Amino acid sequence: MIMVLTSEKTVYSAFGMRLTSEIALPELTRSVELTEEIDVEVAIGDLSRVWNEERTIYHSFYAVLDDQVLFYIPDTAIFSIQDGRKVIVSPIAGADEKKIRLYLLGTCMGVLLFQRKTFPLHGSAVVIEGKAYAFIGDSGAGKSTLAAAFLSKGYSLLSDDVIAVTLSDEGVPSVVPAYPQQKLWQESIDQLGMESSGYVPLYERDSKKYAIPVVAKFYTEPVPLGGVFELVKTEDDHWEIEPVEKLKRFPMLLYHTYRNHFISLLHLEQWHFATSASIARHVDMFQLRRPTVGFTAHYLASQILQLVSHKEECTNER
Amino acid sequence: MKDELITTGHIIGQTEDTLVSNMDQDKVMMSIQTGKYYNLGAIGGRIWDIIETPTTVGRLVEVLTLEFDVNQTVCEEQVIIFLNKLLKEQLIVVKEEASVNL
């Protein structure tokens with residue numbers, strides 16, 4: 001396979017980390033400062049031996065060593081994520097480079113964030129009036145489409161897959177920007193009145209989902225987390241929105257933690273629980289149930305805007 | 001041991017398979033065994049902290065009456081009700097006083 005090697009190491013920024021990579025990662029923002037310290041190094045290497053040694057002891061597709069997570073994607077690559085500082089990619093001959101990048105930007109970033117004690121939520125986040133709002137939910141719940149509706153109204157994107165939440169010393173949660181790309185299904189592109197011909201399919205077997213670069217609509221600074229909305233599809237014919245009571249916030253945050261099976265594999269249960277408590281304590285959380293049919297993202301976006309701006313007013317009046 | 005049998009002489013300790021965190025004034029908890037979530041409240045949270053080192057119910061009540069404005073009889077009654085609830089949820093371990101070497 002032909003892997004695009006960068007002539008000198010390009011420095012990228014994503015999820016508050018500065019990365020260098022031997023594999024070109026065009027989805028990420030290039031960092032302009034070249035002198036600063038590097039947080040994470042992405043390199044190409046041969047992991048076949050260590051993988052063959054470790055795989056039998058553990059599960060068939062991933063292994064957790066002391067400070068290292070190894071995982072294997074058939075026909076694609078073996079990945080190793082070490083100590084929150086280094087990712088090694090060992091490509092399988094004939095692998096689709098786009099698919100390798102999908103795992104680099106997905107699972108590898110998720111594991112890096114766990115190792116660096118940054119809380120990863122699965123979903124999309126946008127900036128409304130200086131606060132970050134996270135949309136979490138199952139695949140197909142409408143997270144990305146809702147985020148796209150906000151972007152079309154002129155709001156900025158923080159993430160469209162992995163929402164990286166950090167805590168201040170006082171335990172106040174903020175969202176760190178991911179990278180300027182949206183992932184949208186063909187039907188969402190149609191619903192939002194966009195045109196898919198200009199966009200790149202995410203990878204060959206998944207041609208109905210497109211990568212949409214949104215550099216101009218991307219927010220590049222960390223933003224305090226203002227609220228979390230869980231999107232749930234219902235068979236009802238109407239939508240409704242309900243605050244989530246405190247104790248129910250914990251299982252919700254656990255369920256929507258990105259690649260949550262790594263929590264116990266990395267022995268991060270107590271950290272995850274304590275961080276969930278900080279998020280649950282500081283942030284408003286809602287469940288937004290919407291009908292399977294007749295869902296318009298623009299309508300839900302306007303309802304969320306009303307709720308958010310109403311809350312702002314209430315806070316200001318106090 | 002059977003339910004509702006905790007008396008002042010018993011020694012109470014935490015089970016290890018819980019995740020615990022403070023949330024505002026309350027103490028919240030998850031049982032790793034059952035996946036259930038609990039809010040122990042502020043006083044319940046204080047009790048949880050005290051029994052980090054296994055403690056007799058009598059000693060526990062003594063500490064609480066010093067810290068909170070409550071008379072001993074009422075405190076003991078309430079604490080035993082609370083501890084029995086925790087026991088039922090398998091959040092604490094209870095030992096007879098004599099069986100523990102201090």
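Model, not experiment: these values are computed from the prediction.
- Taking a 6.0 Å sphere around CD of B/Q72, one finds it holds 12 or fewer heavy atoms contributed by other residues, nucleotides or ligands.
- Scanning residues 23-39 of chain B against chain A with a 4.5 Å heavy-atom cutoff picks out B/M23, B/D24, B/V28, B/M29, B/M30, B/Y37, B/Y38, B/N39, ordered by number.
- Other residues, nucleotides and ligands contribute only 12 or fewer heavy atoms inside 6.0 Å of the NZ atom of B/K85.
- When the shell of 6.0 Å around CD of B/Q90 is examined, it contains 12 or fewer heavy atoms from other residues, nucleotides or ligands.
- Top candidate by heavy-atom pairs under 4.5 Å with chain B, chosen from A/G171, A/A277, A/S264, is A/A277.
- Of the listed residues (A/K248, A/E269, A/H272), the greatest number of heavy-atom pairs within a distance under 4.5 Å of chain B belongs to A/E269.
- Atom CZ of B/F68 is surrounded by more than 12 heavy atoms from other residues, nucleotides or ligands within 6.0 Å.
- When all heavy atoms of A/A274 and B/S21 are compared, the pair lying nearest together is CA-OG, 3.7 Å.
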